[in-house]
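Each chain gets a letter, A, B and so on, in the order the sequences are listed, and its residues count up from 1. Because the structure is a prediction, the values reported are computed rather than measured.
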Protein chains: 2
Amino acid sequence: MFTYAEENYIKAIFHLQAQSDKEVSTNAIADVMETKPSSVTDMVQKLAEKKVLAYRKYKGASLTEQGRKVATSVIRKHRLWEVFLVDKLNFHWDEVHDIAEQLEHIQSDELIKRLDKFLGNPDFDPHGDPIPDANGNFKKTEKKLLSKLKKGQRGVCVGVKESSPEFLQFLDKKNISIGTKIKVLGKEFFDGSMVIEVGKNQSFISKKIAESLYVQTN
Amino acid sequence: MFTYAEENYIKAIFHLQAQSDKEVSTNAIADVMETKPSSVTDMVQKLAEKKVLAYRKYKGASLTEQGRKVATSVIRKHRLWEVFLVDKLNFHWDEVHDIAEQLEHIQSDELIKRLDKFLGNPDFDPHGDPIPDANGNFKKTEKKLLSKLKKGQRGVCVGVKESSPEFLQFLDKKNISIGTKIKVLGKEFFDGSMVIEVGKNQSFISKKIAESLYVQTN
DNA sequence: TTTATTTTTTAGCCTAGCCTAAAAATTTAA
DNA sequence: TTAAATTTTTAGGCTAGGCTAAAAAATAAA
Ligand SMILES: [Mn+2]
Ligand SMILES: [Mn+2]
Ligand SMILES: [Mn+2]
Ligand SMILES: [Mn+2]
């Protein structure tokens, strides 16, 4: 139905819209797709003809319901495969993204149905990102950025905002992973840095890090 | 390194050479690839430049050592994924080929290493075809066509020469699968048909079928 | 409210992989 | 050993998905 390139564009636009919700600019898409704006214009015009997005010249693109359906399907596949790689093949969470980028394009509804079952119908991927169901619905959770916590508050790490290998490896060094309990021991107003307790140890965390970690408080 | 199309051509040429060993003709390749001979000429010329095959105008193509390496790697992946689909996701053996055609192109040595281990380092795929090791070596077996058996001889089904869903579903109806014990009760000289014993039942088998089933005698 | 800058689109070109039609080489038949 | 049939290659064209350079529109600055 859709080529790999088309699926990747649709997915990228979905993620961009998740941030701002408005129409997505040509340049923004070119940025995340690592292509030139002129190539993006070509592609969004084709995707508009295919009815997966609405496109207004000089204004931008926004996915139609059909487009959202395609996007969530690809995202569902990506995240299920990541669970497979970590849970079944014992990959580390910083190694799975690139392989999942390939696997997400494999076409077979039956395969995904069975994979989902085989994995125990997981709700979250190894980075704490929610896995949409077959209808494209995400389970809502009340996670917040670690940076929002006040001194003395506790939270459980439930996700990462960015899942680059570099950042994930940094978290490993700090002994932080999904499920880790974190307590804010101190917070520096001036630069937003924090001192946190992880297990029996305490760590210094910059603002940048505190803004890349999702926690759940209860 | 190689595109999907290139990998598919290389794999097809490998399989054609496995039959005859000589140079493979343009038409033969076009046939199995379901493309036109002119497209094949284009592609083999490109693959010759990439050193995966030797090509002599009007004579045909034959894989180099490098080409064989690529082919066996793709075949290894295809068959390992088929094992995964059948053993882990409970697909039936007639459903897995098309999905494996996609999965065989996923690029990650580490993935295949781990998948192989996860599956228990299988030697054969669900159709009885040998899975080459990481160096491209196939385990030799002394299988023969069921049609070679004489009246009274027994054998165990170890493979199918052709694995189209239609044929596999036909075998299901006859209660034949990998590991099934078969005894030749009668053989018709005139048309090569056979009467065989499968479990407690007996079946009539045409020559075409008897020439599509591999058995091992001991 | 002009002018300058930035963003976006258009025009034209490229490669991969396919196609058809025609030419050339090879093989088979007479 | 010529003629006919088949196989293979070449020539030219098409679509997908990129690119650069130039034009046009939108936005920001003066
Ligand atoms: Mn990922
Ligand atoms: Mn993820
Ligand atoms: Mn197969
Ligand atoms: Mn097989």
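- Straight-line distance from the NZ atom of B:Lys50 to the C1' atom of C:dG17: 12 Å, rounded to whole Å.
- Relative ring orientation between B:His78 and B:His97 is described as tilted, the plane-to-plane angle lying within the 30° to 60° band.
- If you measure from atom NZ of B:Lys57 to atom C1' of C:dA23, you get 12 Å, rounded to the nearest angstrom.
- To the nearest angstrom, C1' of D:dG17 lies 12 Å from CG of A:Leu47.
- The pair A:Lys113-A:Glu110 counts as a salt bridge, with a side-chain nitrogen and a carboxylate oxygen less than 4.0 angstrom apart.
- Residues from residues 15-46 of chain B placing a heavy atom under 4.0 Å of any atom in DNA chain D, listed by number, are B:Ser25, B:Thr26, B:Asn27, B:Pro37, B:Ser38, B:Thr41, B:Gln45.
- Figure legend: A:Arg68 and A:Phe14 shown without cation-pi pairing, the cationic atom not lying both under 6.0 angstrom from the six-membered ring centre and within 45 degrees of its axis.
- The OH-C1' distance, from B:Tyr9 to C:dG17, rounds to 7 Å in whole Å.
- The pair B:Arg76-B:Asp116 counts as a salt bridge, with a side-chain nitrogen and a carboxylate oxygen less than 4.0 angstrom apart.
- Checked against a 6.0 Å centroid threshold, the rings of A:Phe84 and B:Phe84 count as neighbours.
- Geometrically, B:Lys88 engages B:Phe118 in a cation-pi contact defined by less than 6.0 Å to the ring centre and at most 45° from the axis.
- A:Thr141 is linked by a side chain to side chain donor-acceptor pair (under 3.5 Å) to nothing, counting only residues two or more places apart in sequence or in another chain.
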Using the side-chain contact (heavy atoms from CB on, under 4.5 Å) rule, take B:Leu145 and B:Leu213 through it: C-alpha gap first, then chi angles, then the decisive distance, then the call. CA-CA 6 Å; B:Leu145 291 177; B:Leu213 265 182; over 6 Å; no
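- Within residues 1-8 of chain B, no residue has any heavy atom closer than 4.0 Å to DNA chain D.
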